[in-house]
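Input: a single structure, listed below in structure tokens.
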Amino acid sequence: MISLNDKVPDYLFGKHQLISTVTFAALFSLVFLMVSIPFSDNAWFKLDTTRAFSYTIRFFMIALLMVCISKRLMYMLRYSHNWKFGEYVLWNIIEIVAVCGSYTYLTYYASEQGVITLTETDPDKIFFNSITYCVISLGVPYIIAGMYFAINEKDNTIRLMNYGNVVTDETYSAQDEKKITIFDNNGVLKLSIKSSNLYYIESNDNFIKVWYTDSGGILKQYMLRCRLKTIEDSFKESELVRCHRKYIVNMNHIKMLTKEKDGYVIELDGVASEPIPISKTYEENVLSRFNSR
């Protein structure tokens with residue numbers, strides 16, 4: 001059961017997810033409003049050559065712009081703010097209310113200009129009547145999109161596994177059990193390496209860079225489309241530990257933790273790489289894991 005105090009999953013703030021949500025909401029709302037026009041006493045949307053059509057276009061463009069700005073701000077705040085479900089729901093409610101306000105203003109203005117004729121001209125009643133339509137045309141696609149991304153994320157998490165959990169008729173050694181397999185967002189196996197060769201994983205939005213050493217001990221990188229959160233959830237209780245919003249490190253390769261002005265940084269053994277920062281969010285867990293080795 002989801003609580004309003006629960007943390008919102010990071011995948012809801014991904015660039016691809018937000019763009020898909022806005023696109024789906026725009027198409028859903030357009031179809032819904034066009035279908036519902038014949039059943040509304042105050043509908044003025046038109047798809048013809050009249051002036052009402054120009055106002056219809058204006059409203060959709062204004063509403064789409066408002067939603068895009070809202071989702072852009074949400075994307076920009078995805079790391080700096082620890083989103084709770086209550087805050088996430090409230091943000092979307094404010095977004096819907098803002099769209100209703102723009103509809104009310106444009107409706108009243110168009111009525112005053114004689115472009116449309118309404119049976120109800122009270123702005124307050126126009127606003128409250130529009131809430132039902134906005135909740136359906138925006139709220140429903142938001143819920144559907146969120147459910148789709150949650151199912152998709154769960155599927156990707158299940159696909160990303162350790163060989164030791166695979167049932168097979170072939171015998172495998174303890175060394176095989178320590179291999180780490182990474183699938184992309186389409187469930188395609190992209191990388192399978194020994195746990196001892198993996199040093200750290202770096203995030204770049206919906207892509208990750210896996211830094212590992214080859215048979216000659218040279219540090220290399222492999223880039224694929226996958227989220228860092230998926231890696232974190234799939235390899236809990238393993239040597240892979242989240243230390244920053246952009247990094248997961250292999251605890252077995254941490255040589256030293258150094259306290260600096262802005263916090264701790266990690267130095268890895270055996271390879272030449274830049275120090276990896278530890279953010280306050282993950283500091284306690286990393287330090288406890290390091291000290292317990």
Side-chain angles (χ1 to χ4, degrees), residues 7-16 74-83 153 156-157 160-162 175 177-185 190-293:
K7 184 179 181 299
V8 178
D10 292 339
Y11 59 78
L12 289 180
F13 301 111
K15 184 182 296 184
H16 169 74
M74 189 175 285
Y75 177 76
M76 294 171 62
L77 294 171
R78 68 194 187 282
Y79 293 133
S80 60
H81 182 70
N82 188 23
W83 286 84
E153 179 71 12
N156 287 335
T157 300
L160 218 151
M161 61 186 71
N162 188 289
Q175 185 180 31
E177 293 184 14
K178 294 182 179 179
K179 278 191 175 180
I180 291 178
T181 61
I182 300 179
F183 294 73
D184 65 12
N185 284 342
K190 291 294 185 179
L191 187 64
S192 177
I193 58 176
K194 294 179 181 178
S195 173
S196 58
N197 286 352
L198 192 152
Y199 277 73
Y200 67 98
I201 302 173
E202 181 181 1
S203 171
N204 183 13
D205 200 11
N206 285 330
F207 290 87
I208 61 171
K209 291 180 182 179
V210 181
W211 294 87
Y212 67 98
T213 54
D214 61 11
S215 57
I218 299 175
L219 187 65
K220 294 186 174 181
Q221 62 170 288
Y222 185 88
M223 189 171 184
L224 70 152
R225 189 177 185 85
C226 182
R227 295 178 55 258
L228 204 64
K229 180 63 174 176
T230 304
I231 303 290
E232 179 186 13
D233 291 342
S234 299
F235 289 100
K236 284 183 177 178
E237 309 303 327
S238 74
E239 64 271 23
L240 302 184
V241 177
R242 186 78 172 261
C243 67
H244 190 271
R245 65 179 178 84
K246 291 188 62 176
Y247 296 101
I248 285 177
V249 296
N250 188 336
M251 291 295 299
N252 293 334
H253 286 301
I254 296 180
K255 178 176 66 175
M256 183 183 302
L257 295 181
T258 305
K259 177 73 171 182
E260 296 189 349
K261 179 180 179 181
D262 297 327
Y264 286 91
V265 295
I266 294 172
E267 293 184 34
L268 301 175
D269 61 14
V271 296
S273 65
E274 294 292 326
I276 297 174
I278 302 177
S279 63
K280 292 293 184 181
T281 304
Y282 305 100
E283 182 179 291
E284 182 178 351
N285 182 48
V286 175
L287 291 177
S288 63
R289 290 285 299 271
F290 181 78
N291 293 327
S292 64
R293 293 193 305 169

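Note that the structure is predicted; figures quoted are calculated from it, not measured.
Looking at N197, its side chain never comes within 3.5 Å of a backbone N or O of I193 through a donor-acceptor pair. Remark: side-chain polar atoms of H244 are not paired, donor with acceptor, to backbone N or O of Y282 under 3.5 angstrom. Listed for the N204 side chain is no donor-acceptor partner under 3.5 Å among the backbone atoms of F207.
Residue K220 qualifies as open at atom NZ: its count of foreign heavy atoms under 6.0 Å is 12 or below.
With a 4.5 Å cut-off on side-chain heavy atoms, N285 and V241 count as touching. Contact annotation: the side chain of D262 never approaches that of P277 to less than 4.5 Å [non-hydrogen atoms, C-beta and beyond]. You'll find the side chain of T213 stays beyond 4.5 Å of the side chain of L198, heavy atoms only. Residues F290 and I254 form a side-chain contact, since some pair of their non-hydrogen atoms from C-beta on lies under 4.5 Å apart. At least one side-chain heavy atom of I276 sits under 4.5 Å from a side-chain heavy atom of Y200. Residues I208 and V210 are in side-chain contact: their nearest non-hydrogen atoms beyond the backbone lie under 4.5 Å apart. By the 4.5 Å heavy-atom criterion applied to side chains, I266 and L257 are counted as neighbours. Two residues are said to be in side-chain contact when any heavy atoms from C-beta on lie closer than 4.5 Å; K7 and W83 fail this criterion.
Atoms NZ and NZ, on K259 and K261 in that order, are 12.5 Å from each other to the nearest 0.5 Å. Here NZ of K209 is found 12.0 Å from CG of L224. Values are rounded to the nearest 0.5 Å. Rounded to the nearest 0.5 angstrom, C226 SG and I231 CD1 are separated by 4.0 Å. One distance of note links CE of M223 with CD of E202; it measures 9.0 Å at 0.5 Å rounding. The line from CD1 of I201 to CD of E232 is 11.0 Å long, rounded to the nearest 0.5 Å. Between the NZ atom in K190 and the OG1 atom in T181 there is a gap of 14.0 Å [rounded to 0.5 Å].
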L219 and W211: CA distance, side-chain angles, deciding distance, side chain to side chain contact (heavy atoms under 4.5 Å, CB included) verdict: CA-CA 7 Å; L219 187 65; W211 294 87; 3.9 Å; yes
Working for side chain to side chain contact (heavy atoms under 4.5 Å, CB included), residues V8 and F13: CA-CA 9 Å; V8 178; F13 301 111; 3.6 Å; yes
Audit row: I180, S192, side chain to side chain contact (heavy atoms under 4.5 Å, CB included) steps and yes/no: CA-CA 6 Å; I180 291 178; S192 177; over 6 Å; no
Check against side chain to side chain contact (heavy atoms under 4.5 Å, CB included), Y264 and E283: CA-CA 8 Å; Y264 286 91; E283 182 179 291; 3.6 Å; yes
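Counting all heavy atoms, side chain and backbone alike, S238 lies closest to R289 at O-NH2, 2.8 Å. Annotation for V286 and R242: closest pair CG2-O, 3.7 Å, computed over non-hydrogen atoms.
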